[in-house]
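Because only heavy atoms are used, hydrogens play no part in the values below, and waters and symmetry mates are left out as well, while side chains stay in. As the structure is a computational prediction, the values presented were derived from the model and not from experiment.
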Amino acid sequence: ASLLDARKGAPSQEDEGQLDNLMLTQESALVQILLEIVLPTIHLESPAAQQTRAAVLQQVHRIFLRRPLVIKLVHFQGYDDRLIKPLVDGVPSMYLVRDWNHELLTQPDPLLRAFAVL
């Protein structure tokens, strides 16, 4: 049984919502860390760099498939635009961006709008 169950019974909808938000925040932070790992490898063509990049991007893909809202959050948080091509090439689930690309286009921040265009 979880700590919530022991403390006051089954979690309420509010508790579940807060837990879901916490998990979403943690997973988006994990993706941001993974993107930081990929960044220094984007111009390297050694087998080790390619393997590292592929393994990390595969993990990002798994996270995006498991929790599609993470991809939206990561794009609204932003990341280095040099990662766009590696993400498009190495993360098959990037197509999910199409579902809310229009929201990026309406953002006041020109950097966020750039993600929608690129």
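Gln32 pairs by the side chain to side chain donor-acceptor pair (under 3.5 Å) definition with Gln77, not counting sequence neighbours. Under the ring pair (Phe, Tyr, Trp, His ring centres under 6.0 Å) criterion, Tyr95 pairs with no residue, sequence neighbours left out. Residues satisfying the side-chain contact (heavy atoms from CB on, under 4.5 Å) test with Thr106, not counting sequence neighbours, are none. For Asp89, the salt bridge (Lys or Arg N to Asp or Glu O under 4.0 Å) partners at least two apart in sequence or on another chain are Lys85. When the salt bridge (Lys or Arg N to Asp or Glu O under 4.0 Å) test is applied to Glu103, the partners found at least two apart in sequence or on another chain are Lys72.
Residue pairs satisfying the salt bridge (Lys or Arg N to Asp or Glu O under 4.0 Å) criterion with at least one member in residues 21-33, sequence neighbours excluded, are listed as follows: Glu27-Arg66, Glu27-Arg67. The salt bridge (Lys or Arg N to Asp or Glu O under 4.0 Å) analysis of residues 28-39, with sequence neighbours excluded, yields no pairs.
Of all heavy-atom pairs between Arg53 and Val38, the closest is CG-CG1, 4.0 Å. Closest heavy-atom contact between Ala49 and Leu44: CB-CB, 3.5 Å. Residues Pro86 and Leu83 share a closest heavy-atom pair of CD-O, 3.2 Å.
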For residues 54-63, tabulate all N or O donor-acceptor pairs below 3.5 Å that involve a side-chain atom, not counting sequence neighbours.
residue, atom, partner, partner atom, Å
Gln59, OE1, Arg62, NH1, 3.3
His61, ND1, Ser93, N, 3.1
His61, ND1, Ser93, OG, 2.9

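Between Ile37 and Leu34, the closest side-chain pair of non-hydrogen atoms falls below 4.5 Å.
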